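Down below is the structure, laid out as structure tokens.
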Amino acid sequence: MSNVAYATTLDVRDTCLCLHVQRAARALARRFDEALRPVGLTHGQFSMMNALNRPRPATMPQLVSVLGMDRTTLTAALKVLEQRALVRIAVSKTDARARELSLTAKGHTTLARALPVWTETHALLEAALSPSEPARLRKTLARF
């Protein structure tokens, strides 16, 4: 039997970029989920609805690109928003295999209610950092 040394385990724990980013993402998600709870949204739902706030309906590939999600996960998440009448999923008029995704009137209203909550929460998080850190962090994360 071959064992990995405990010192190696500690080294991975302390240096793994993926672990540290995931841990930070979970902590941020919990803060936004808590803040958005009175509006009835999670941070993920808010992000999806924000990505759908556009002049023309979005396509699945556009949302996959913006949100960095796989298509299956995105489809499941959108179904929940569709069932709540926040999002409309329609067959494309030009390609029966494609779907057009848009906010409903209720979705626009909910997003408008959620935006001030997101703005305040986001401002508090950025204020906890030095002035240059938020932009530098976004720039660094965009490389991945």
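Note that the structure is a prediction, hence the values are computed from the model and not measured.
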CE of Met60 to CZ of Arg97, rounded to nearest 0.5 Å, is 14.5 Å
One should read off an interatomic distance between Asp95 CG and Glu100 CD, to the nearest 0.5 angstrom, of 9.5 Å
To the nearest 0.5 Å, atom CG of Leu78 lies from atom CE of Met48 at 6.0 Å
Next on the checklist: Is there a path of hydrophobic side-chain contacts, each under 4.5 Å between heavy atoms of I/L/V/M/F/W/Y residues, joining Val21 to Leu125?
Outcome noted: no
Heavy-atom closest pair (Val66 atom, Ala51 atom, distance to 0.1 Å) is CG1-CB, 4.0 Å
(request) Report yes if some heavy atom in the side chain of Leu86 is under 4.5 Å from a heavy atom in the side chain of Leu41; otherwise report no. (result) yes
Interatomic distance, CD1@Ile89 vs CG@Leu81, rounded to 0.5 Å, equals 8.5 Å
In terms of heavy-atom contacts, Leu67 and Ser47 come closest through CD2-O, 3.8 Å
Check your understanding: Does the side chain of Asp70 pick up a donor-acceptor pair with the side chain of Thr73 at under 3.5 Å?
Key -> yes
Closest non-hydrogen contact found for His20 with Arg13 is NE2-O, 3.2 Å
One should read off an interatomic distance between Lys139 NZ and Ser132 OG, to the nearest 0.5 angstrom, of 11.5 Å
Nearest heavy-atom contact between Ala58 and Leu52 is CB-CD2, 3.8 Å
Counting only heavy atoms not in Arg56 (residues, nucleotides, ligands), do more than 12 fall under 6.0 Å from its CZ? no
- Query: Shared ILVMFWY cluster between Leu124 and Val39, side chains joined below 4.5 angstrom?
  - Reply: no
(request) Mark yes when over 12 heavy atoms from residues, nucleotides or ligands other than Gln62 sit less than 6.0 Å from its CD; otherwise mark no. (result) yes
Please check if the side chain of Asp33 supplies one atom and the backbone of His43 the other of a donor-acceptor pair under 3.5 Å.
yes
Should Val117 and Leu28 be counted in the same cluster of Ile, Leu, Val, Met, Phe, Trp and Tyr side chains packed under 4.5 Å apart? yes
> Which word best sums up how the rings of Phe46 and Trp118 line up, parallel for under 30°, tilted for 30 to 60°, or perpendicular for over 60°?
Replying inline: parallel
With the side chain counted from C-beta on, respond yes when Val91 and Arg99 share a heavy-atom pair under 4.5 Å apart, and no when they do not. yes
For the CG atom on Leu17, are there more than 12 heavy atoms of other groups (residues, nucleotides or ligands in this structure) within a distance under 6.0 Å? no
Margin query: With a 4.5 Å cut-off on side-chain heavy atoms, are Glu82 and Thr104 touching?
Written below: no
Closest non-hydrogen contact found for Leu111 with Leu103 is CD2-CD1, 3.9 Å
For Gln45 and Gly40 the tightest heavy-atom approach is OE1-O, 3.9 Å
Discussion item. If you define the side chain from C-beta out and look only at heavy atoms, does anything of Pro61 sit under 4.5 Å from Arg71?
Written reply: yes
| Salt-bridge criterion met for Arg31 and Glu34 (N-O under 4.0 Å) | no
